[in-house]
Amino acid sequence: MNRMIIALLVPVLMIILTAIALSGPPEPMETVFAPEQCERVAVLDRRLRPIEGIEDIIALNDGRLFFSAHNRRFAELPVRGIYYSSLDDLDLAQAEGEDLRVMAVPGISRAVQSVYPHGMAMDRSGERLAFVNRPFEEPVEIVWGTINGINFVPAGRWAAPEACRANDVEWRGAELLATRDRASCEFSVSDVMPGAATGSLVSVGPTRAAELETGLAFANGLSLIGGRVLVAETRQDRLRILGTEEVIELPGGPDNLSRGPFGTVIAALHTDLFDYWMYSLGYVDTAASRVVAINPETGRIDVLYDDPLGKQYSGASVGVFVQGRLILGSAFDSGILVCRR
């Protein structure tokens, strides 16, 4: 092997080995939901195929549930898309000890050439849906449209080259916001160096996107609470409030955000980013799951669920709280986890 390559690999290997040596399971925290109050529910499509990688969830107060799913480790698998179910279906499945059967949202497969959904958002009226589509070998795009019950009718898309790192979306009235987790479409050292803050927040339109905030440390989840825009900065373990210097420090790197009760935001956290990265690549079998509720007004943080070893449910990437239930999804685990008190 070339000596220069060895010289470059040695420090990288040392960093990895040091991280492995120093990393360990985080200490368990006092939680609202205990493990025995939570149950994993397998999710199947209409052809009875298991759905893995439910990366994002929308839970509406009227009982509608939407799941954004594709297993990123096996991008070629056909079981992927945006799926629909309801709380009544979920309750019935759990009561009878059965799997939850869901259906693909009509219109999604006609709106995009290849369906590889990522983050998604529904406006407060429940009538407009937007999602990030990240096809395996095609340009990334953000697609939006109206939804009548469960039927999606496309209204626009943003598919410019700078959409390549789009991660999540959120509605602010009629305006659609999106996070770009980092700057470069391809691998760049400047995006992954310690302290890297190359992510941004943009306002999206059919022909262009206007930058609203830059210098974000892996801009991930996005939510609108009390008129304020909250952005998850995964690599800095915090939420940033748009247009201010205010941040909320968190016990882990936030992923997807969702609106919770009483003006709170629900965040799924990755307590050890190196461990989660190894899990995402399939090098380890599990990763910790932690979900918290944050009050942006007071800064109060309540831990809703905590699984330091990921034994019950691994690598949760989203948590939603609806009608007394906490529902978790994971970009790499299968099915969902449902907690009730």
Side-chain angles (χ1 to χ4, degrees), residues 53-62 64-70 80-84 104-135 138-181 199-213 219-225 227-232 242 255-259 265-266 317-318 320 322 329 331:
I54 297 178
E55 193 264 350
D56 204 0
I57 301 173
I58 295 171
L60 301 178
N61 288 329
D62 62 12
R64 286 179 292 167
L65 295 173
F66 295 86
F67 304 103
S68 171
H70 86 264
R80 60 179 188 274
I82 296 179
Y83 298 92
Y84 163 81
V105 173
I108 295 291
S109 61
R110 295 191 299 270
V112 297
Q113 183 173 348
S114 301
V115 185
Y116 288 83
H118 204 71
M120 62 179 180
M122 187 85 75
D123 72 348
R124 289 185 179 274
S125 71
E127 297 175 353
R128 289 182 299 172
L129 174 70
F131 63 96
V132 177
N133 194 45
R134 301 180 78 162
E138 299 170 25
V140 177
E141 58 189 346
I142 295 175
V143 181
W144 61 91
T146 58
I147 191 155
N148 181 12
I150 62 170
N151 296 289
F152 180 75
V153 180
R157 71 180 64 234
W158 181 53
E162 57 267 31
C164 65
R165 294 309 313 174
N167 190 305
D168 200 10
V169 286
E170 178 64 297
W171 292 99
R172 181 167 63 174
E175 181 185 22
L176 183 60
L177 307 178
T179 52
R180 298 178 67 245
D181 49 42
S200 59
L201 178 71
V202 298
S203 175
V204 177
T207 59
R208 66 182 185 89
E211 282 192 338
L212 302 178
E213 190 102 354
N220 202 328
L222 185 60
S223 189
L224 186 71
I225 305 292
R228 300 194 293 180
V229 178
L230 281 70
V231 182
L242 178 67
D255 198 322
N256 283 306
L257 308 178
S258 61
R259 291 187 291 268
V265 60
I266 310 298
S317 57
V318 63
V320 296
V322 59

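Keep in mind that the numbers below use all heavy atoms, side chains included, and drop hydrogens, waters and symmetry copies.
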K.L.:
For A331, which residues count as a side chain to side chain contact (heavy atoms under 4.5 Å, CB included) partner, sequence neighbours excluded?
P.N.:
E55, R72, Y276, S317

K.L.:
What are the two closest heavy atoms between L222 and V169, and how far apart are they?
P.N.:
CD2-C, 3.9 Å

K.L.:
Listed by chain and number, what are the side-chain hydrogen bond (donor to acceptor under 3.5 Å, both in side chains) partners of D62, not counting sequence neighbours?
P.N.:
R64

K.L.:
Excluding sequence neighbours, so at least two apart, what forms side chain to side chain contact (heavy atoms under 4.5 Å, CB included) with R110?
P.N.:
none

K.L.:
Just grab all the side chain to side chain donor-acceptor pair (under 3.5 Å) pairs involving residues 149-159, residues at least two apart or on different chains.
P.N.:
E141-R157

K.L.:
Using the test side-chain hydrogen bond (donor to acceptor under 3.5 Å, both in side chains), find all partners of S114 that sit at least two apart in sequence or belong to another chain.
P.N.:
E138

K.L.:
With sequence neighbours left out, write down each residue that passes side chain to side chain contact (heavy atoms under 4.5 Å, CB included) with P139, or none if nothing qualifies.
P.N.:
none

K.L.:
Looking only at atom types and distance, does a side-chain atom of N133 sit under 3.5 Å from a main-chain N or O of I142, one as donor and one as acceptor?
P.N.:
no

K.L.:
Which heavy atom of S68 sits nearest to which heavy atom of H118, and what is that distance?
P.N.:
OG-O, 2.6 Å

K.L.:
Would you compute the distance between atom CZ of R134 and atom NE2 of H70 and round it to the nearest 0.5 angstrom?
P.N.:
8.5 Å

K.L.:
Not counting sequence neighbours, list each pair that qualifies as a salt bridge (Lys or Arg N to Asp or Glu O under 4.0 Å) and has a residue in residues 200-210.
P.N.:
none

K.L.:
Which residues satisfy the ring pair (Phe, Tyr, Trp, His ring centres under 6.0 Å) test with Y83, sequence neighbours excluded?
P.N.:
none

K.L.:
Just by distance, do the side chain of D123 and the backbone of R128 share a donor-acceptor pair under 3.5 Å?
P.N.:
yes

K.L.:
Looking at every heavy atom in both G126 and I147, which two are closest together, and how far apart are they?
P.N.:
O-CG2, 3.5 Å

K.L.:
Provide the closest heavy-atom pair for F152 versus A111 in the form atom of the first, atom of the second, distance.
P.N.:
CE2-CB, 3.8 Å

K.L.:
Work out which heavy atom in V140 is nearest to a heavy atom in A166; give both atom names and the distance.
P.N.:
CG1-CB, 4.3 Å

K.L.:
Would you please name every residue forming a side chain to side chain contact (heavy atoms under 4.5 Å, CB included) with A219, sequence neighbours left out?
P.N.:
T179, L216, V231

K.L.:
How many angstroms lie between CD1 in I54 and CG in L65, if you round to the nearest 0.5 Å?
P.N.:
10.0 Å

K.L.:
Could you state the interatomic distance from CG (L257) to CG (D56), rounded to the nearest 0.5 Å?
P.N.:
9.5 Å

K.L.:
For a 4.5 angstrom cut-off between non-hydrogen side-chain atoms, does D255 reach V318?
P.N.:
no

K.L.:
Atom CD1 of I82 and atom CD1 of I58: how far apart are they, to the nearest 0.5 Å?
P.N.:
7.5 Å

K.L.:
Could you give all pairs that pass the side chain to side chain donor-acceptor pair (under 3.5 Å) test and reach residues 162-178, with sequence neighbours left out?
P.N.:
R165-D181, N167-D181, E170-R259, R172-E175, E175-S203

K.L.:
Can you tell me if T146 uses its side chain to pair, donor with acceptor, with the backbone of E127 under 3.5 Å?
P.N.:
no

K.L.:
Is any side-chain heavy atom of L212 closer than 4.5 Å to a side-chain heavy atom of V229?
P.N.:
no

K.L.:
What distance separates F66 CZ from M122 CE, expressed to the nearest 0.5 Å?
P.N.:
4.0 Å

K.L.:
Shortest non-hydrogen contact from L176 to A130?
P.N.:
CD1-CB, 3.7 Å

K.L.:
Side chain to side chain contact (heavy atoms under 4.5 Å, CB included) for V112 and F131? Distances and angles first, verdict last.
P.N.:
CA-CA 11 Å; V112 297; F131 63 96; 4.1 Å; yes

